[in-house]
There are 2 protein chains.
Amino acid sequence: MRADAKRNFDRIVEVAGATFRSKGYDAPLDDIAKQAGVGPGTLYRHFPTREALIDAVMQNWIASVNESAEKALAHEGDARDRLMAWFEEYAARLTVHKGVAAKITAALGDATSPMANKCQTYSTANAKVIDSLRSEGAVRPNVEALEVLRLIGGIASVADQGNLPPEAVRPMLEVVADGVLR
Amino acid sequence: MRADAKRNFDRIVEVAGATFRSKGYDAPLDDIAKQAGVGPGTLYRHFPTREALIDAVMQNWIASVNESAEKALAHEGDARDRLMAWFEEYAARLTVHKGVAAKITAALGDATSPMANKCQTYSTANAKVIDSLRSEGAVRPNVEALEVLRLIGGIASVADQGNLPPEAVRPMLEVVADGVLR
DNA sequence: TTGCTAAACGGAGACAGTCTCCGTATCGTT
DNA sequence: AACGATACGGAGACTGTCTCCGTTTAGCAA
């Protein structure tokens, strides 16, 4: 990739992120192009569809928070406390960007999605938490790690779309925690 | 409302429902108008926004299934069986139309939404199930009926968006059931 | 029936956003 | 410096949204 191309690519993603957050995910792409100081042609060459651009923005964001994903693993307390800490951490991350929860959760099971491998960190972090609790015998048999990820994703999606405050989300997470633990 | 107006209104909703299902929720509205044998002006007079038309389609659908919502209440078996029967019934209904799960679940807490009162039947059916189980002492304290509705809605949304098969949904419902029951 | 009026219709066309095509400019290499 | 490959950008075609207003029709009253 040529240097000027990369410059434009990055600039577009940056501007798009800011614009999507402030004006919504249906903001005119030509505006974003103009804002980024490029022609529409350049934007569409890099991102053939709106979807592609949104993906790029999100991947950018996931990468930026990924590094700290393991924080929740080092929590103090009993099994339930640790599980809840992880749930809240995960749900909070998912609700930072409008729409991200649904998108990531849908991508989880689909290996062909460009999102999926970006979410590896989440998947493995989750598996680690569940496995560690399982080895203590705290987890019900038949509970799969992927299911848990999806359940929390579902809660985050609902919270996202209904603009639910954290105090409405917490009890839902607790129901899932009780369902996961013996 | 004049007779011809009502005729057109109903015809538009009918055509829109079929079109949305076959071509997706972003199908051109002018096409729907043409298909319904009316001009775009007529469509837009009845439904100023796409959202309004989608709502009308969904309300139409909710009304059509509402009447049978209590079926799941008359289930045989122990507390867990009955709860699971209700969960599956509800989740199945929510996933009939693409996008309906997220929409209805988001509307649940919001009394101002035109969806909300259409969903009364669901809310009260759910409350009935939970209350009846609670009176048997089978439900954990602190579990609210609305939370349960949202949890199932979240699962349905995820299933909807990720095209999950029923066998992937069931275990998630079971986790919630275990979290709801003592 | 006929006439009348308010209600409703419908389609031409303005507008906005998407996306492409291709002549021009720039990069990076030799 | 010169050249090919790569990338740029913006004019404009295209598609879908939505409005305006002249025309039509339903429903009522005489």
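We name chains A, B, ... by the order of the sequence lines, and we start the count at 1 in each one. The shown structure was predicted, so the numbers you read here are calculated from the model rather than taken from an experiment.
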> Would one find a side-chain N or O of A:N8 under 4.0 angstrom from OP1 or OP2 of D:dA7?
Replying inline: no
> Restricting to pairs with a member in residues 129-146 of chain B, which pass side chain to side chain donor-acceptor pair (under 3.5 Å), not counting sequence neighbours?
Replying inline: B:R82-B:E136
>> Under 4.0 Å from a heavy atom of chain A: give me the 5'-most and 3'-most nucleotides of DNA chain C that qualify.
In response: C:dG17 to C:dG28
> Can you name the residues that form a salt bridge (charged side-chain N to carboxylate O under 4.0 Å, His left out) with B:D81, not counting sequence neighbours?
Replying inline: none
> Pairs in or reaching into residues 154-175 of chain B: which pass side chain to side chain donor-acceptor pair (under 3.5 Å), with residues at least two apart or in two chains?
Replying inline: B:E88-B:R170, B:K98-B:N163, B:R170-B:E174
>> Any residue in residues 26-49 of chain B with a heavy atom nearer than 4.0 angstrom to DNA chain D? Just list them by number, or reply none.
In response: B:P28, B:L29, B:D30, B:P40, B:G41, B:Y44
>> Can you build the contact string for nucleotides 24-30 of chain D? Use B for base contact, S for sugar-phosphate-only contact, and - for no protein heavy atom under 4.0 Å.
In response: -BSS---
>> Holding to side-chain contact (heavy atoms from CB on, under 4.5 Å), I want the full list of residues that pass it with A:D4, two or more places apart in sequence or in another chain.
In response: A:R2, A:R7
Can you give each donor-acceptor pair under 3.5 Å made by side-chain atoms of residues 23-39 of chain B, sequence neighbours left out, with the distance rounded to 0.1 Å?
none

>> According to ring pair (Phe, Tyr, Trp, His ring centres under 6.0 Å), who are the partners of A:F87, at least two apart in sequence or on a separate chain?
In response: none
> What pairs meet the side chain to side chain donor-acceptor pair (under 3.5 Å) rule with one or both residues in residues 41-53 of chain A, with sequence neighbours excluded?
Replying inline: A:E51-A:K103
>> Restricting to side chain to side chain donor-acceptor pair (under 3.5 Å), what partner residues turn up for B:D178, sequence neighbours left out?
In response: B:R80
> Partners of A:A56 by side-chain contact (heavy atoms from CB on, under 4.5 Å), sequence neighbours excluded?
Replying inline: A:V13, A:F47
>> Please give me the minimum heavy-atom distance between B:A127 and B:A145, naming the atom from each residue.
In response: CA-CB, 4.3 Å
